[in-house]
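Along the sequence shown, residues are numbered consecutively beginning with 1.
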Amino acid sequence: MHRVPLVTAALALLASAAPALALTAPELAKVVATIDERQRNSGDWKALCYMEAKEKGKTDVVYELVVYRRDEDDKQMFLFTKPRAEAGKGYLRIDKNLWLYDPAVGRWERRTERERIGGTDTRRGDLDESRLVEEYDATFEADEKLGAYDVHRILLVVKPGVDVAFPKVRLWVDRATLNVLKRQELALSGRLMRTAYYPRWKKLFSPSKRADVWYPEEMRIFDEIEKGNSTLILIKEIDLRPLAANLFTKAWLESKSR
């Protein structure tokens, strides 16, 4: 699979950046807070996700998983349904701890935010709501062009004591819509680890929030260390009705894995 036209255009046009129009500190804070708020859903969240993982020298693998979230309590669960070898495997995040359950061995193992979900280039946070204000300090870098889009380029550095997959993040944010179009994730040293593109955003009305909630319908993630490895994520069939009270438990996930 080739990168979307947005990717090619973006790389070609970055060199012709528009003159910088620096955001003031209050303006920057408002932009970052709005990115979070647009993606936040105050109630429960259930979505069917497809992941297509490409690994250099290996056969492509297509995954299907159901993502459950209860944002108010900061709980999250993934349940893999395909392929057959992964069916029943799941992740549970509760009390800021991430656990992996493998039904083949019937055992839970604690994982970090750097865990590759299902062995793909996906991290847990890719399927969570945006928490930029909570997790990072932001610095404005430039206003420039990303393909046909006028964007803010913003650098985020993790706050002390916060566990995230990548300590530094650089965002390209559409100035017109405040959709994130591109995201680079870096090690503390500044080494580029991953690049992600968000070519399609959608919204739906959230009864619990009483407002629209935005989400990236498509994500394309490229491994910058293992060149040639990438993951396509498609988010489908979103259901915002309340979930069962006992869903976010190890017992519930184990029952679905039998």
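To the nearest 0.5 angstrom, Leu23 atom CG is 11.5 Å from Thr139 atom OG1. A distance of 11.0 Å separates CG of Asn229 from CD of Glu224, quoted to the nearest 0.5 Å. Note that NZ of Lys89 and CG of Leu65 are 12.0 Å apart. Values are rounded to the nearest 0.5 Å. Annotation: the span from Asp102 atom CG to Glu86 atom CD amounts to 8.0 Å, rounded to 0.5 Å. With values rounded to the nearest 0.5 angstrom, Arg191 atom CZ is found 11.0 Å from Leu186 atom CG. Rounding to the nearest 0.5 angstrom, the gap separating the CE atom in Met51 from the OG1 atom in Thr231 is 7.0 Å.
Salt bridge present: Lys96 and Glu134 bring a charged side-chain N and a carboxylate O closer than 4.0 Å. A salt bridge between Arg70 and Glu72 is absent, with no side-chain N of the basic residue lying under 4.0 Å from a carboxylate O of the acidic one. A salt bridge between Asp126 and Arg194 is present, with a side-chain N of the basic residue lying under 4.0 Å from a carboxylate O of the acidic one. Remark: Asp121 engages Arg116 in a salt bridge, criterion side-chain N to carboxylate O under 4.0 Å. In this structure, Asp163 pairs ionically with Arg114, as a charged nitrogen and a carboxylate oxygen lie closer than 4.0 Å. Salt bridge absent: Arg123 and Glu113 never bring a charged side-chain N and a carboxylate O closer than 4.0 Å. Ion pairing between a basic and an acidic side chain is recognised when a charged N comes within 4.0 Å of a carboxylate O; Asp44 and Arg69 show no such pairing. Ion pairing between Lys30 and Glu27 fails under the 4.0 Å rule for side-chain N and carboxylate O.
Ile117 places none of its side-chain heavy atoms less than 4.5 Å from the side chain of Leu127. Residues Met193 and Ile225 meet the side-chain proximity criterion, which asks for heavy atoms closer than 4.5 Å. When side chains are defined from C-beta on, Lys236 counts as touching Glu217, because their heavy atoms get closer than 4.5 Å. Gln39 is not listed as a side-chain neighbour of Tyr215, based on a closest heavy-atom distance of 4.5 Å or more. Annotation: side chain of Val169 is in contact with side chain of Arg183 (closest heavy-atom distance under 4.5 Å). Residues Asp150 and Asp143 fail the side-chain proximity criterion, which asks for heavy atoms closer than 4.5 Å. Contact check for Val31 versus Phe140: no side-chain heavy atoms found under the 4.5 Å cut-off. In this structure, Leu48 and Val66 have side chains that are in contact, with non-hydrogen atoms separated by less than 4.5 Å.
Considering all non-hydrogen atoms of both residues, Ala47 and Trp45 come closest at CB-NE1, 3.6 Å. Minimum heavy-atom separation, Pro207 to Leu240: CD-CD1, 4.4 Å. Of all non-hydrogen atoms in Ala187 and Pro167, the two that sit nearest each other are C-CG, 3.8 Å. Closest heavy-atom contact between Lys54 and Asp60: NZ-OD2, 2.6 Å. Closest heavy-atom contact between Pro216 and Ile235: O-CD1, 3.3 Å. Shortest non-hydrogen contact noted between Ile35 and Ser130 is CG2-OG, 4.0 Å.
Trp201 places a side-chain N or O within donor-acceptor distance of the main-chain N or O of Val180, the cut-off being under 3.5 Å. Proximity of a side-chain donor or acceptor of Ser42 to a complementary backbone N or O of Ser208 within less than 3.5 Å is detected. At distances below 3.5 Å, at least one donor-acceptor pair connects side-chain atoms of Asp239 with backbone N or O atoms of Arg241. Not one N or O on the side chain of Glu55 forms a donor-acceptor pair closer than 3.5 Å with the backbone of Val61.
When the side chains of ILVMFWY residues are joined at heavy-atom separations under 4.5 Å, either directly or via intervening members, Leu92 and Leu247 end up in a single hydrophobic cluster. A continuous path of Ile, Leu, Val, Met, Phe, Trp and Tyr side chains, each step under 4.5 Å between heavy atoms, connects Leu243 with Trp252, placing both in one hydrophobic cluster. Residues Tyr63 and Leu100 share a single hydrophobic cluster, defined by chaining ILVMFWY side chains whose heavy atoms lie under 4.5 Å apart. In the hydrophobic clustering of ILVMFWY residues, with side-chain heavy atoms under 4.5 Å counting as a link, Leu156 and Val162 come out together. Tracing side-chain contacts under 4.5 Å through hydrophobic residues (I, L, V, M, F, W, Y), one reaches Val67 starting from Phe80; they form part of the same cluster.
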Mind running side chain to side chain contact (heavy atoms under 4.5 Å, CB included) on Leu204 and Val213 for me, showing each step along the way? CA-CA 6 Å; Leu204 73 167; Val213 58; 3.5 Å; yes
Quick one, Asn179 with Arg38, criterion side chain to side chain contact (heavy atoms under 4.5 Å, CB included). Give me CA distance, side-chain angles, the key distance, then yes/no. CA-CA 9 Å; Asn179 288 332; Arg38 293 169 81 249; 2.9 Å; yes
Show, in sequence, the C-alpha distance, side-chain angles and deciding distance for Lys227 and Lys56, and conclude whether the side chain to side chain contact (heavy atoms under 4.5 Å, CB included) test is met. CA-CA 8 Å; Lys227 293 290 188 180; Lys56 190 176 181 179; 5.9 Å; no
Assess whether side chain to side chain contact (heavy atoms under 4.5 Å, CB included) is satisfied between Glu218 and Leu234, documenting all intermediate values. CA-CA 5 Å; Glu218 176 179 334; Leu234 301 176; 3.8 Å; yes
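Taking the six-membered ring where the residue is Trp, Phe248 and Tyr68 present perpendicular rings, their angle passing 60° and hence far from 30°.
Side-chain atoms of Thr249 and Asn246 include no donor-acceptor pair closer than 3.5 Å.
Enclosure of atom NZ in Lys203 is not indicated, since only 12 or fewer non-hydrogen atoms of other residues, nucleotides or ligands lie within 6.0 angstrom. Atom NZ of Lys209 has more than 12 heavy atoms from other residues, nucleotides or ligands within 6.0 Å. Atom NZ of Lys75 has more than 12 neighbouring heavy atoms from other residues, nucleotides or ligands inside a 6.0 Å radius.
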